[in-house]
Structure formats: structure tokens, C-alpha cells
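Note that the structure is a prediction, hence the values are computed from the model and not measured.
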Amino acid sequence: LYTMADALFAASFLNACLRNADDITMANIAPLVNQTGPLYVHPEGIVKRTHFHTMAMYANELEECVGAITINSSKLIHNNTSVNVVDANATVDKSARKWAIALINRHPSESVECKIKTAGRLLNGTFDATVLAGDSPDAYNDIDNPNRVVPEKKHMIFRDGVVELPPHSLSIVQVTDEE
């Protein structure tokens with residue numbers, strides 16, 4: 001099984017690779033291609049696992065160039081280790097007018113707010129987004145529930161750069177610079 005937690009792990013890995021794109025020329029993560037791949041084929045059809053949707057969102061929703069991004073976030077703490085609650089990556093087209101911002105809320109049960117600035121200005125308004133979330137971090141797709149975790153098209157509202165991210169989710173927000 002691949003759960004919503006696995007989908008966010010894959011997104012976090014892809015964000016790390018993109019943030020280090022100047023140094024990383026090739027990378028792979030075995031669970032994305034080996035053993036239990038993103039598609040489960042069975043006699044009645046195909047199940048798209050959670051990390052299939054993560055990979056499809058990154059392949060189809062992001063722009064071609066990595067943009068600069070700074071992440072300031074509270075931490076999730078377990079024993080003596082911690083990780084940012086919010087992880088993010090910004091991509092932009094070659095004209096620097098179309099942005100796609102990948103936002104991960106790692107908190108297992110709470111919505112979190114984060115502040116986004118692109119091209120030197122805080123985002124304000126309503127923007128199209130694709131959101132991948134489940135009813136729990138353990139949510140997964142299987143033969144009986146093949147669409148329990150699927151991306152949904154939504155609108156995300158930013159006020160003075162602040163947006164609320166759903167619990168334990170991946171959101172890719174589309175922003176077009178009108179200037």
C-alpha cells in the first residue's frame with residue numbers, strides 16, 4: 001500500500017531535487033519505480049496509487065524553471081528530530097509571468113497558514129490549484145476504493161500573501177503575473 005503519507009514523502013523528495021537542480025543532474029527513489037509501483041494492475045483494471053498522483057502533478061502542473069523560494073515554517077518534532085511543517089517549491093516559465101507553486105502541509109491533522117511572495121509581491125486574490133489530500137495520512141487507493149485519494153481542482157484564496165493549506169496535503173497553485 002502507498003498512503004497519503006507516501007505521496008507527501010515523494011513530493012518532499014521531488015522538492016528537494018528541484019531546489020538543488022543546479023547540482024543534481026539525475027535522481028531516483030526506488031519506491032517510485034520498483035516493487036510497488038505507482039500503478040497497480042489487476043484483472044478488473046488499474047489503481048492509481050497516491051504517489052502516482054504526486055508524480056503526475058509534478059510532471060504536468062509545474063513550470064520549466066525553478067524559482068527562488070524561502071521557507072519559514074514551524075516544525076513537526078519527533079524525539080530529537082524535526083522537519084518543517086510546510087515544504088514548498090516555486091517554478092516559473094521562461095517569461096517569468098507564469099508561476100506554479102508546490103506547497104506541502106505535512107501536519108497530519110491540522111490546516112496551516114503560509115505566506116507566499118512571488119516576483120517581490122505578496123499574493124492576493126483567488127488562484128487555481130490542484131490539491132491532493134486524503135481523509136487521513138493513512139488513506140490509500142485500492143481495488144475497492146480506487147479514488148479515495150485523487151487530486152481535485154480548487155480555488156485557493158490568498159490575503160496579504162497568506163493561504164490556508166488543508167491538513168496533510170499537496171497543493172500546486174497556478175499564478176500568472178498580470179504586470
Enquirer: Do you know which two heavy atoms are closest between Lys98 and Thr176, and how far apart they sit?
Expert: CG-OG1, 4.1 Å

Enquirer: So, for Ser171 and Pro166, which heavy atoms are closest and what is the spacing to 0.1 Å?
Expert: OG-CD, 4.2 Å

Enquirer: Just jot down the side-chain hydrogen bond (donor to acceptor under 3.5 Å, both in side chains) partners of Tyr58, sequence neighbours excluded, or say none.
Expert: Asn15

Enquirer: How far apart are the closest heavy atoms of Thr50 and Ala139, and which atoms are they?
Expert: CG2-O, 4.0 Å

Enquirer: In plain terms, say whether Lys153 and Glu61 are close enough for a salt bridge, that is, a side-chain N and a carboxylate O under 4.0 Å apart.
Expert: yes

Enquirer: Do the side chains of Val83 and Val85 join up, straight or via other hydrophobic residues, at under 4.5 Å, putting them in one cluster?
Expert: yes

Enquirer: Return each pair, listed once, that meets ring-ring contact (aromatic ring centres under 6.0 Å, His included) where at least one residue sits in residues 96-155; pairs must be two or more places apart or across chains.
Expert: Phe127-Phe158

Enquirer: May I ask you to list the residues sharing a hydrophobic cluster with Val47, side-chain cutoff 4.5 Å, ordered by chain and number?
Expert: Tyr40, Ile143

Enquirer: Leu62 pairs by side-chain contact (heavy atoms from CB on, under 4.5 Å) with which of Leu14, Val92, Leu18?
Expert: Leu18

Enquirer: Verify the cluster assignment for Leu103 and Leu170: are they in a single hydrophobic cluster under the rule of side-chain heavy atoms below 4.5 Å apart?
Expert: no

Enquirer: Report yes or no: do Ser136 and Asp138 form a side-chain donor-acceptor pair below 3.5 Å?
Expert: no

Enquirer: Verify the neighbour count for atom NZ of Lys117: are there more than 12 heavy atoms of other residues, nucleotides or ligands below 6.0 Å?
Expert: no

Enquirer: Which pair of non-hydrogen atoms, one from Asp87 and one from Arg106, has the smallest distance, and what is that distance?
Expert: OD2-NH2, 3.3 Å

